[in-house]
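Note sheet for the following structure.
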Amino acid sequence: MTIIDGKQISATLKESIREQVAGFPEKYGRVPHLVVVRVGEDPASVVYVRNKAKACEACGIENTTIVLPEETAEEALLQKVRELNADDTVDGILVQLPLPKHISEAKVIEAIAREKDVDGFHPGNVAGLWQKTPHMSPCTPAGIMKLLEATGVDPKGKRAVVIGRSNIVGLPVAKMLLDANATVTICHTRTVDMPSVTREADILVVAAGRAKMVTADMVKDGAVVIDVGMDRDPETGKLCGDVDFDAVAPKCSAITPVPGGVGPMTIACLMENTVQCFLEKMRVELNA
Ligand code: GUN
């Protein structure tokens, strides 16, 4: 059984991004610039946004973090996004989710210029993924595909089961697995007899948002299990995933830990997307 070292795999990816970015000042006169906007003080978001800034520093990417108060009006946030869209020194824009209840996430996501959408959440980028036209890939699904690749797992011909159907993880990762020639099933809260479905999985991706919901009886011997969860164990209060790691790991051929699995890969892919936005901008400017 292999514990997939997302920290190590992401560190290698970030190092290669750092080397690439180091050549940019000479080639393009500057480095990429990512702006991350956080609204309010959601504790998980505070940590995520800090980690994104740290990753930028590690990669030599310029980073600006904008913190707005919880009570920021929707229109004020949309205005800030429009400002950043128009700012030529900004290559990537990320508004950390979730947003306070009074702000429409859909409106904010749509307001971010598609060419600066490092999250890959803009409707144009979502359409690009589903239609196989050029697009920005969402970071967590892209990170999962890289983890599988680095572990030597080729989804081709395998049965993949995804638990969860969110726009951020479940749906796009299912599409990516399908494009990698897996046969894909999506499970969710209304699935009847979920264990009978998950036991068929050669690759099981869990993005359910429920602590330790995947138990040993739900996993086939030799399966590869990818845990996207980031939960608190109700008994110990410790950080844990959607998979009961201690019970499930002995059955797997490979499994991601929480923390240290998918999380670091999301951020490494964000760095990659920021470079992609920057390079596309430079290409457009050079052709102008
Ligand atoms: N909240 C949790 N994950 C993400 C993510 O990938 N991007 C943004 N913007 N917010 C998130």
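The first residue in the sequence is number 1, and the count goes up from there. All ligand and atom numbering here is 1-based and tracks the order in the structure.
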Original post:
In terms of atom number and element, which parts of ligand 1 are under 4.0 angstrom from non-hydrogen atoms of Asp119?
Top reply: 5 (C), 6 (O), 7 (N), 8 (C), 9 (N)
Subject >> Smallest separation among heavy atoms of Val225 and Cys252, with atom names >> reply: CG2-SG, 3.6 Å
**OP:** Determine, step by step, whether Glu83 and Lys80 satisfy the salt bridge (charged side-chain N to carboxylate O under 4.0 Å, His left out) criterion, reporting the C-alpha distance in whole Å, the side-chain angles of both residues, the deciding distance to 0.1 Å, and the verdict.
**Re:** CA-CA 5 Å; Glu83 244 170 65; Lys80 175 50 79 179; 3.2 Å; yes
**OP:** Kindly confirm or rule out an N or O of Val95 lying under 3.5 angstrom from an N or O of ligand 1.
**Re:** yes
**OP:** Run the numbers for me: atoms of ligand 1, each under 4.0 Å from some heavy atom of Leu94, listed by number.
**Re:** 9 (N)
**OP:** Please indicate whether any nitrogen or oxygen in Gln96 is less than 3.5 Å from any nitrogen or oxygen in ligand 1.
**Re:** yes
**OP:** Kindly give the heavy-atom pair with the smallest separation between Thr89 and Arg30, and that separation in Å.
**Re:** O-NH1, 4.1 Å
Subject >> Closest protein heavy atom to atom 1 (N) of ligand 1, given as residue, atom name and distance to 0.1 Å >> reply: Leu97 O, 2.9 Å
Original post:
With a 4.0 Å cut-off on heavy atoms, is Ile168 touching ligand 1?
Top reply: no
**OP:** Look at the side-chain heavy atoms of Ile, Leu, Val, Met, Phe, Trp and Tyr, link any pair under 4.5 Å apart, and say whether Val153 and Val243 land in one connected group.
**Re:** no
Original post:
Looking only at heavy atoms, which two atoms of Val118 and Cys277 are closest? And how far apart?
Top reply: CG1-SG, 3.9 Å
